[in-house]
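Data first, discussion second: the structure below is written as C-alpha cells.
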Amino acid sequence: MSIFQKIFSYLGIGLVIFMLARTGIFVIHYQNFSSLSISEVLLGFFYGLRFDLASLLVFSGIPLLLMALPFRWCTSQWWHIALSILVFFVFVLEGTLLIGDIIYFGYVKRHLTNELLFLGKDINYLISEAVANPGYLTLWFGMVLLGLNYWLSLSKVKVRTVHMHWPKFIIFFVFAVIAGRGGIGMKPLAIVHAYSSGSSSFGNLVLNGVFSASHSSLSAPVERLSISNLQISKTLSLSGDFWQKPFPLAQINVPKSGKSNNLVVLFVESLTPRYVDSFGGNDYKITPNLDKLSKAGWKFNRFYSHGQRSIEGAQSVLTGMPSVLGLPTIANISANYSKIATMAEQHGTSTIFVNSTLRESFLAQAIAGSTGFSEYYGKEDMPLLLDYLPEEKDRNLGWDYETLMFSLEKIKNRKTPFMAFISLSTDHTPFPKLTGPFNRYPHHATEEGGYLNSLHYTDWAIGEFFKKVKKEPWFDKTIFVITADHVLAHFQKGDFLEKFRIPLIFYAPSLLKPKLIETVTSQLDLMPTFVEFMNLDTQYTALGTSLLQEQESEALVREGSLLGIITDRAYLKHSLVRRMEYGKLVDNVPNSYYDELEARLLAWDRVAFDLTRQNRWAP
C-alpha cells in the first residue's frame with residue numbers, strides 16, 4: 001500500500017461516517033424529506049459528498065498532507081502512526097458532532113449552527129447529562145475504542161516507496177485545496193449553496209452538521225441583556241399566544257383581486273440620497289432620470305437600508321429576515337426563511353435574477369437559487385453593447401446599460417406574470433473611467449469624482465431602459481421598484497441616519513398616482529410589499545410590514561456589531577448591553593422615549609434571535 005492509498009482509505013472511512021449520518025437523518029426524520037422524489041433524494045446524497053469532503057479536508061487536510069510529504073524522514077512508521085491517530089480523533093469529534101446533529105435535527109428541523117459557541121457556558125450541564133446517562137456514554141466509548149483498535153492496525157500497515165513522489169504530492173495538495181474549499185468557483189462553498197435549489201428539504205439533505213456548525217460559528221457569540229418573554233410581549237404588544245405558535249411571526253396575504261402585477265426591482269449598488277437631487281437637494285445634476293421617476297411615482301423620503309453590506313440588503317429585501325448579531329447571514333444560515341421568488345413561482349409568476357457582475361460574485365448566484373429564482377444570469381451571459389475604454393470594458397463588476405438591456409430581452413416576450421430582480425453594480429468601487437458625457441468630474445477609482453461619473457452613467461442607463469419598457473404591452477401592469485443595497489459609505493459625514501438612508505421609488509403610472517411618503521420605513525418592509533404587489537395568496541414571515549399598509553414609523557438597522565432603531569422622532573444605537581448613541585429628530589422628545597426605543601430594539605432583536613435559532617422563523 002502506498003501512502004496515498006492509505007490517505008484515501010482514511011478519507012473513504014470519513015465519507016462513510018458522513019454518509020451514515022446523512023442516512024440517519026433521512027430515515028429518522030423522514031417526514032421532513034417526504035416531499036422529495038426518489039431522484040431528488042439520490043441527488044441530495046450525491047451533492048452532499050461535496051460538503052462532506054470539504055468538512056473532512058478542512059479539519060484533517062493538514063495532517064494528511066504532512067503524512068504525504070515526499071521527504072525521507074516523513075516515511076517513518078512513528079510519523080505515520082502519530083498523524084493517523086490525530087486524524088482518527090478529528091474523525092471522532094466530527095462523528096460525535098454528527099450524532100448530536102441527528103438528535104438536534106429532531107427538535108428544530110435544521111442542522112446545527114453556531115450553538116457550539118454557547119456550549120462553553122453549559123459545560124457543567126453537559127457533563128452532568130453525560131454522567132446521568134452512563135449507558136449511552138459507555139456505548140460511545142466502546143465504539144471509539146473499537147474504532148481506535150482498527151485504526152491503529154490500519155496505520156501500522158507499512159507503506160512502499162512512491163514512484164514520482166513529488167508530482168503526486170503536488171497533485172494531492174491541489175486536490176486537498178480544491179476539495180477543502182468545495183470546488184474551483186470564485187467563492188468557497190457556503191451553506192447557501194446547499195439551498196440553491198430553493199428547497200429547504202433538499203438543502204437539509206445535502207448539508208451536514210459539521211459543515212453548518214463550523215461555517216455558522218464564524219459569527220462570534222454575542223452577549224445580550226436578559227429579557228423575559230413576558231417583557232417582550234408587553235413591549236411589542238404581542239398576542240397572548242404568540243410564543244405558543246409554531247411560527248409566531250407568520251403572516252397571510254389575502255389577494256384583493258384576481259389580477260397579478262408584474263414586478264421589476266432595480267437594486268442599485270450604493271445609490272445614495274445625497275447625490276440624487278430629488279432626495280438630497282444638492283444640485284449635482286447627474287440623476288435627471290431618477291429625479292423624474294421619483295416625481296412621477298411614490299417617493300419614500302425616509303427609507304433606510306437594514307445594514308451596510310450588500311448581502312444584508314439582499315437578505316432583507318428578498319426574505320424579510322433581519323441580519324441578527326451572533327447569527328450568520330443568509331450565506332451561512334440553515335434556518336428556514338420565506339423566499340419571495342419561491343412564493344411567486346408557486347402562484348404562476350416566472351422569476352429571473354440578473355446580476356451585472358460575474359455570476360458567482362458576492363454569492364449572488366447561490367442567493368438567487370436559495371430564494372427561489374428559476375433563472376439567473378451574470379456578466380458572462382451579456383454581450384457588450386457600448387464602446388468602453390479598452391482597459392475598462394472587461395471589468396468584473398460589469399456594466400449597468402448592458403445588464404438592463406439584457407434583462408429587457410429576457411422579460412419582454414413573457415406570456416405569464418413575472419418578477420425580475422436586476423442588480424446593478426457599475427457604481428461599485430473601483431469606479432470605472434468613463435468617456436463623455438460621463439466624465440463631468442475628475443476621475444478617480446476610489447474617490448467621489450469617480451462615483452459621481454459612474455452614477456451619472458447608471459442614471460442614463462436607467463433612463464434608456466424606461467424609454468424602451470414604456471413601449472412594451474405589459475408596461476401598464478408592471479410595478480417598478482428602484483432602491484439601493486446600502487449607502488455609499490466612503491464620503492458621508494458620519495451622521496447616523498446618513499449611514500442608512502437610501503432612495504426608494506415605486507413607479508407604475510397606470511397603477512400608482514404620485515405620492516410623497518415621509519413615514520420611516522426600511523428594506524425589511526419590501527418583501528411583504530412585493531407579496532402584495534404581485535397579489536400572492538401565501539403565508540410568509542418578515543419583520544417588516546407591507547408599505548401599502550399603514551404602519552408605525554420605525555426602521556431597525558445594523559451597523560457592524562451594533563444595532564439601531566430609527567423613528568420619526570429620534571434614533572438610538574445599542575450594543576445589546578448598553579446604549580451607544582441616541583438623539584432627537586424633532587423638538588420636545590422626553591428621556592422616557594429613549595427608554596421605549598431601547599426596549600423595542602432589544603425586544604425585536606430577541607424575537608428574531610430566538611425564532612431563528614429555534615427554526616421557528618418560517619415553515
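We use all heavy atoms of the structure for the numbers below, so side chains are in, but hydrogens, waters and symmetry mates are not. Predicted model only: the values in this text are computed from it and were never measured.
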Discussion item. Could you walk me through whether L543 and W617 satisfy the side-chain contact (heavy atoms from CB on, under 4.5 Å) test, starting with their C-alpha distance in whole Å, then the side-chain angles of each, then the deciding distance to 0.1 Å, before giving a yes or no?
Written reply: CA-CA 10 Å; L543 204 59; W617 180 263; 4.2 Å; yes
Practice prompt. Would you check, one step at a time, whether the test side-chain contact (heavy atoms from CB on, under 4.5 Å) holds for T96 with W140?
Written response: CA-CA 9 Å; T96 303; W140 181 83; 3.1 Å; yes
Worksheet entry | Check against side-chain hydrogen bond (donor to acceptor under 3.5 Å, both in side chains), S55 and E94 | CA-CA 9 Å; S55 301; E94 291 187 324; 5.8 Å; no
Discussion item. Pair M534, I340 - check side-chain contact (heavy atoms from CB on, under 4.5 Å), show working.
Written reply: CA-CA 10 Å; M534 292 186 284; I340 184 61; 3.8 Å; yes
Worksheet item: Would L547 and L526 count as a side-chain contact (heavy atoms from CB on, under 4.5 Å) if you check the C-alpha gap in whole Å, the side-chain angles of each, and the deciding distance to 0.1 Å?
Response: CA-CA 7 Å; L547 296 173; L526 283 179; 3.9 Å; yes
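Among N355, V264, V265, the single residue meeting the side-chain contact (heavy atoms from CB on, under 4.5 Å) criterion with I422 is V264.
Here N301 pairs with F279, K299, R501, L516, E518 under the side-chain contact (heavy atoms from CB on, under 4.5 Å) rule; sequence neighbours left out. Residues satisfying the salt bridge (Lys or Arg N to Asp or Glu O under 4.0 Å) test with D537, not counting sequence neighbours, are none. With sequence neighbours excluded, the residues forming a side chain to side chain donor-acceptor pair (under 3.5 Å) with D241 are S239, listed by chain and number. Remark: Q231 engages S228 in a side chain to side chain donor-acceptor pair (under 3.5 Å) (not counting sequence neighbours). Partners of S35 under the side chain to side chain donor-acceptor pair (under 3.5 Å) rule, at least two apart in sequence or in another chain, do not exist in this structure. Partners of K256 under the salt bridge (Lys or Arg N to Asp or Glu O under 4.0 Å) rule, at least two apart in sequence or in another chain, are E532. Legend: residues meeting salt bridge (Lys or Arg N to Asp or Glu O under 4.0 Å) with E375, ordered by chain and number and at least two apart, are R414. Qualifying salt bridge (Lys or Arg N to Asp or Glu O under 4.0 Å) partners for R302, counting only residues two or more places apart in sequence or in other chains: none. Annotation: side chain to side chain donor-acceptor pair (under 3.5 Å) contacts of D485 (sequence neighbours excluded): S310.
The backbone N or O of I102 sits less than 3.5 Å from a side-chain atom of H29, completing a donor-acceptor pair. A donor-acceptor pair is defined here as one N or O able to donate and one able to accept, closer than 3.5 Å; no such pair exists between the side chain of T349 and the backbone of M419. Using modelled atom types, no side-chain atom of Q308 and backbone atom of F500 make a donor-acceptor pair closer than 3.5 Å. No donor-acceptor distance shorter than 3.5 angstrom exists from the side chain of T319 to the backbone of S316, with no hydrogens or angles considered. Listed for the R616 side chain is a donor-acceptor partner under 3.5 Å among the backbone atoms of W243. N253 places a side-chain N or O within donor-acceptor distance of the main-chain N or O of L536, the cut-off being under 3.5 Å. Formation of a donor-acceptor pair under 3.5 Å by the R569 side chain with backbone atoms of K584 is not found in this model. Q365 contributes no side-chain N or O that, together with a main-chain N or O of S196, makes up a donor-acceptor pair within less than 3.5 Å. Judged by distance alone, with hydrogens and angles left aside, the side-chain atoms of S214 form a donor-acceptor pair with the main-chain N or O of F211 at under 3.5 Å. The backbone N or O of L112 sits less than 3.5 Å from a side-chain atom of S212, completing a donor-acceptor pair.
At most 12 heavy atoms of other shown residues, nucleotides or ligands fall within 6.0 angstrom of atom OH in Y582. Residue-environment remark: NZ (K234) stays at or below the threshold of 12 foreign heavy atoms within 6.0 Å. A 6.0 Å sphere centred on CD of Q244 holds more than 12 heavy atoms belonging to other residues, nucleotides or ligands.
Remark: K573 is not positioned above the aromatic ring of Y571, lacking an NZ or CZ atom under 6.0 angstrom from the ring centre and at most 45 degrees off the axis.
Side-chain atoms of F51 and I191, non-hydrogen and from C-beta on, never get closer than 4.5 Å to each other. Between L548 and T529, some side-chain heavy-atom pair lies under the 4.5 Å cut-off. Put simply, the side chain of Y337 does not reach to within 4.5 Å of the side chain of M527, judged on heavy atoms. Side-chain contact check for L576 versus E223: every heavy-atom pair is 4.5 Å or farther apart.
A salt bridge links D595 with R579: the distance from a Lys NZ or Arg NE/NH1/NH2 to an Asp or Glu carboxylate oxygen falls below 4.0 Å.
Classified by interplanar angle (parallel below 30°, tilted 30° to 60°, perpendicular above 60°), the ring pair F421/F267 is tilted. The aromatic rings of F33 and F105 lie parallel to each other, their planes meeting at an angle below 30°, with 60° marking the opposite boundary. Ring geometry for Y30 against F26 counts as perpendicular: the plane angle is over 60°, on a 0 to 90° scale with 30° as the lower cut. Relative orientation of the F202 and Y47 rings is perpendicular, given thresholds of 30° and 60° on the angle between their planes.
For residues 311-324, the set of pairs meeting the salt bridge (charged side-chain N to carboxylate O under 4.0 Å, His left out) definition, not counting sequence neighbours, comprises R309-E312, E312-R558. Contacts classified as ring-ring contact (aromatic ring centres under 6.0 Å, His included) and involving residues 532-567 (residues at least two apart or in different chains) are given here: F506-F533. Within the structure, salt bridge (charged side-chain N to carboxylate O under 4.0 Å, His left out) contacts touching residues 26-36 (residues at least two apart or in different chains) do not occur.
In summary, the side chains of S201 and S199 do not present any donor paired with an acceptor at a separation below 3.5 Å, with no hydrogens or angles considered. Inspection of the S374 and E345 side chains reveals an N or O donor paired with an N or O acceptor under 3.5 Å.
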